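Take a look at the structure below.
Keep in mind that the numbers below use all heavy atoms, side chains included, and drop hydrogens, waters and symmetry copies. For clarity, every value in this text was computed on a predicted model and none was experimentally measured.
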Amino acid sequence: MAKPARTAEQLQQLLIERIEAIPELRGQPTDVHRGGVVGTGVSGDDGPSWTVPVVSDRGTHRADIARIIRTLQAQFDLED
């Protein structure tokens, strides 16, 4: 079954809303804020159709943000 599709801007907004629901991250810039959402060129069951590019130091990686991204990747595809 196909997942509903959203635009890159809609996906970015959904991500930001969920990230900023974490009190310590409210108002803090993240890769989601800086890099937005980009297509992966993958479609169907081969993997997510979108991702968030890493634009900051990988040492600042946060598992909670990665989990939010993976959750939304499982729910939505990027609109063509």
Side-chain angles (χ1 to χ4, degrees):
M1 182 173 186
K3 296 182 271 187
R6 299 290 186 267
T7 66
E9 292 80 16
Q10 289 170 325
L11 291 168
Q12 182 181 19
Q13 187 58 41
L14 287 169
L15 289 166
I16 289 171
E17 288 171 6
R18 292 183 180 166
I19 289 168
E20 291 187 350
I22 301 170
E24 66 198 61
L25 292 177
R26 191 168 300 122
Q28 297 297 316
T30 66
D31 285 349
V32 174
H33 293 83
R34 291 185 207 97
V37 170
V38 297
T40 61
V42 175
S43 62
D45 294 330
D46 295 332
S49 65
W50 59 274
T51 191
V52 175
V54 176
V55 295
S56 62
D57 177 13
R58 287 194 180 270
T60 61
H61 173 82
R62 291 188 53 121
D64 48 358
I65 293 175
R67 188 172 31 260
I68 291 168
I69 293 168
R70 283 191 309 272
T71 299
L72 284 180
Q73 284 173 326
Q75 292 177 336
F76 301 105
D77 279 331
L78 180 61
E79 188 174 275
D80 292 332

Report summary line: The reported gap from CD1 in I16 to CG in L11 (rounded to nearest 0.5 angstrom) is 11.0 Å

Report task. Could you list the residues that satisfy salt bridge (Lys or Arg N to Asp or Glu O under 4.0 Å) with R34, not counting sequence neighbours? Result -> D31

Requested in this report: Following the transitive rule for hydrophobic clusters with a side-chain heavy-atom cut-off under 4.5 Å over Ile, Leu, Val, Met, Phe, Trp and Tyr, establish whether I22 and L14 coincide in one cluster.
Outcome: yes

Requested in this report: State which residues pass side-chain hydrogen bond (donor to acceptor under 3.5 Å, both in side chains) with Q10; sequence neighbours excluded, sorted by chain then number.
Outcome: T7

Report task. Provide the closest heavy-atom pair for G36 versus P53 in the form atom of the first, atom of the second, distance. Result -> O-CD, 3.4 Å

Report task. Starting at CG of L15, measure out to CG of L72 and round the result to the nearest 0.5 Å. Result -> 5.0 Å

Requested in this report: Please report the closest heavy-atom contact between H33 and Q12, naming both atoms and the distance.
Outcome: O-NE2, 3.6 Å

Query raised in the report: Is a side-chain N or O of T40 found less than 3.5 angstrom from the main chain of P48, in a donor-acceptor match?
Result: yes

Report task. Indicate the atoms forming the closest heavy-atom contact of D77 with W50, along with that distance. Result -> C-CD1, 4.0 Å

Report summary line: Rounded to the nearest 0.5 Å, the CZ atom of R6 sits from the CG atom of L78 at a distance of 11.5 Å

Query raised in the report: Could you walk me through whether Q73 and T51 pass the side chain to side chain contact (heavy atoms under 4.5 Å, CB included) check?
Result: CA-CA 8 Å; Q73 284 173 326; T51 191; 4.1 Å; yes

Side-chain polar contacts of residues 61-69 - donor-acceptor pairs under 3.5 angstrom, sequence neighbours left out - could you list them?
residue : atom : partner : partner atom : Å
R62     : NE   : D64     : OD1          : 3.0
R62     : NH1  : E24     : OE2          : 3.1
R62     : NH2  : E24     : OE2          : 3.0
R62     : NH2  : D64     : OD2          : 2.6

